[in-house]
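Taking it in order: structure first as C-alpha cells, then the write-up.
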Amino acid sequence: MIKKNKNLTTLCIILGLIIVLLLGYIVGTSVNNQNKEPNKTNKNETVEKEFDIKKAKVLLEEFGFNRRKGCKTIVQNEYNDTYKAIVALEKVAKDKIIEENCTDLFSITKLEANPEPLFKGDTGVCMKDAKAKTITYNDVNEIYKKMYGEDISPENINALSINSQDYALYDFLEGRDLFVKLDCYGCGGTCYSKHIREIKSATQNDNIVTITIYDYESDGVTVEDGIFKFSTEKISENIECQTDNQCINIIKKDYLEYLNQYEIKFEIIDNQFIFKSLNKVVD
C-alpha cells in the first residue's frame, strides 16, 4: 500500500514537472514573439525625408520636363512612350550621331518631285540632295533603358501626335536598326505665352522620390490697360501691372497656390533614377 502511494506521488511529481516545463516554454515563446514583433515593424517602416531641391531641378531638366515647344511643356500633354523616346534621342552624344545622304537612306519609290525633290518618309521628309542625322537603336536604347527601366520600341517617333508645334520626327529603318531625323515640310506657326514653373516640394520615401511642382501657362494673355487677366482652374482675377514680366512676378509672389500642381515620381534602382509617373494633383 505504501509502495503504491509512493509510485503515485512520483507520477504526480513527474506530471507536475512536465506541466511546469510546458507552461514555461509557452510563456517564453510568447515573450520572444512579442519582443521580435516591434523589431519587425521597425524594419519595415520608412521615413519620408526632404530631397535636395537642386537635385530635383536637375532631374526635371534631365527628364525633359523643361523642354518647351509651342508654348507648352509636357505637363500640359502626356508623358508617354513617344515623349520618352524623344527625350532619349535628344540626349545621344553628338559623336554618335552620323549624317548620311538621304539617297542612301530611302528607296527611289519614296522620292517625290513636287513641290520639290524630296523623299517622303512615314513621319517627315528628307530633301533629295541633303543629309539626315541617324542614330543607332543600341545607342539610344542604352540611354532610354537607364532613364525608364525598359527597352525603347523600334518604331517611328512623331512628336506631332503630342504637340502640334513639336517637330521632332524620326523614321525607324528596321533593316538597319536606325532612327533617322526628318524634317517637317511646310510646318510652322508661332505662339505667345508666359510660363511659370516652381517646385513646391521634393521628398524621398525609401527609394521613391516625389517632386511636386506648380505649372502655369498664360496662353497668350497680355497686359491691356494695366490689367492682366489671370485665370486658372481655381481662380479668375484681374491683376494690376504694367508689363507681362511684372505680372508674372506678382503671380509667383501672391498666387502660386492657385496654379495647377503636378506630382512627378522617380524610383531609385542601383543609384539610377527611373521615371515612374506624372500626375496632376486633384484637390
Tell me yes or no: between the side chains of [X] and [Y], is some donor less than 3.5 Å from an acceptor?
{"X": "K265", "Y": "S277", "result": "no"}
{"X": "N260", "Y": "D215", "result": "no"}
{"X": "E61", "Y": "N66", "result": "yes"}
{"X": "K194", "Y": "N245", "result": "yes"}
{"X": "E237", "Y": "Y258", "result": "no"}
{"X": "Y192", "Y": "D244", "result": "yes"}

Specify the closest pair of heavy atoms between [X] and [Y], including all atoms of both residues, with the distance to one decimal.
{"X": "Y144", "Y": "A85", "value": "CE1-N, 3.7 Å"}
{"X": "K229", "Y": "N238", "value": "CG-OD1, 3.5 Å"}
{"X": "L105", "Y": "A132", "value": "CD1-CB, 3.9 Å"}
{"X": "Y167", "Y": "G188", "value": "OH-O, 3.2 Å"}
{"X": "E62", "Y": "K91", "value": "O-NZ, 3.6 Å"}
{"X": "N163", "Y": "K69", "value": "ND2-O, 2.8 Å"}

Does [atom1] in [X] sit with more than 12 non-hydrogen atoms of other residues, nucleotides or ligands closer than 6.0 Å?
{"X": "K234", "atom1": "NZ", "value": "yes"}
{"X": "E116", "atom1": "CD", "value": "yes"}
{"X": "E240", "atom1": "CD", "value": "no"}

Closer than 4.0 angstrom, basic N to acidic O: yes or no for [X] and [Y]?
{"X": "K57", "Y": "E198", "value": "no"}
{"X": "E257", "Y": "K200", "value": "no"}
{"X": "K133", "Y": "E99", "value": "no"}
{"X": "K181", "Y": "D171", "value": "no"}
{"X": "R68", "Y": "E217", "value": "yes"}

request  = If a pair satisfies disulfide bond (SG atoms under 2.5 Å apart) and one of its residues is in residues 222-283, list it, with sequence neighbours excluded.
outcome  = C241-C247
task = Assess whether side chain to side chain contact (heavy atoms under 4.5 Å, CB included) is satisfied between Q242 and V223, documenting all intermediate values.
result = CA-CA 7 Å; Q242 298 304 313; V223 179; 5.9 Å; no
Looking at side-chain heavy atoms only, is the closest gap between [X] and [Y] below 4.5 Å?
{"X": "N279", "Y": "Y262", "result": "no"}
{"X": "Q272", "Y": "I269", "result": "no"}
{"X": "L259", "Y": "I251", "result": "yes"}
{"X": "Q165", "Y": "C191", "result": "yes"}
{"X": "I274", "Y": "I268", "result": "no"}
{"X": "I264", "Y": "T210", "result": "no"}
{"X": "I86", "Y": "R67", "result": "yes"}
{"X": "V87", "Y": "F275", "result": "no"}

task = For the pair Y137 and D151, evaluate side chain to side chain donor-acceptor pair (under 3.5 Å) and give the outcome as yes or no after the intermediate values.
result = CA-CA 10 Å; Y137 176 88; D151 292 324; 4.9 Å; no
Mind telling me whether [Y] and [X] have parallel, tilted or perpendicular rings, with 30° and 60° as the class edges?
{"X": "F51", "Y": "F273", "result": "perpendicular"}
{"X": "F172", "Y": "F179", "result": "tilted"}
{"X": "Y79", "Y": "Y83", "result": "perpendicular"}

Steps toward side chain to side chain contact (heavy atoms under 4.5 Å, CB included) verdict (V75, I213) = CA-CA 10 Å; V75 300; I213 62 172; 4.1 Å; yes
query = Picking from F228, F230, Y214, what satisfies ring-ring contact (aromatic ring centres under 6.0 Å, His included) with Y255?
reply = F230
Keeping the roles fixed (side chain from [X], backbone from [Y]), state whether a donor-acceptor pair exists under 3.5 Å.
{"X": "S193", "Y": "S218", "answer": "yes"}
{"X": "Q76", "Y": "T73", "answer": "yes"}
{"X": "N158", "Y": "L160", "answer": "yes"}
{"X": "R176", "Y": "T136", "answer": "no"}
{"X": "N101", "Y": "D104", "answer": "no"}

Tell me whether [X] shares a hydrophobic cluster with [Y], the cluster being built from Ile, Leu, Val, Met, Phe, Trp, Tyr side chains joined at under 4.5 Å.
{"X": "L178", "Y": "I143", "result": "no"}
{"X": "L111", "Y": "V180", "result": "yes"}
{"X": "Y148", "Y": "V92", "result": "yes"}
{"X": "I157", "Y": "L182", "result": "no"}
{"X": "I74", "Y": "I152", "result": "yes"}

task = For Y216, check side chain to side chain donor-acceptor pair (under 3.5 Å) against everything at least two apart and list the hits.
result = none
Audit row: F266, I211, side chain to side chain contact (heavy atoms under 4.5 Å, CB included) steps and yes/no = CA-CA 8 Å; F266 298 91; I211 303 172; 3.9 Å; yes
inquiry  = I'd like to know whether I239 forms a side chain to side chain contact (heavy atoms under 4.5 Å, CB included) with I227, so could you lay out the CA-CA distance, the side-chain angles of the two residues, the decisive distance to 0.1 Å, and finally the verdict.
reply    = CA-CA 6 Å; I239 297 176; I227 296 295; over 6 Å; no
remark   = Partner of D183 under side-chain contact (heavy atoms from CB on, under 4.5 Å), picked from T123, L118, V125, is V125
request  = Give the C-alpha distance, both sets of side-chain angles, the deciding distance and a yes or no for salt bridge (Lys or Arg N to Asp or Glu O under 4.0 Å) between K280 and E233.
outcome  = CA-CA 12 Å; K280 188 175 182 180; E233 295 174 2; 2.4 Å; yes
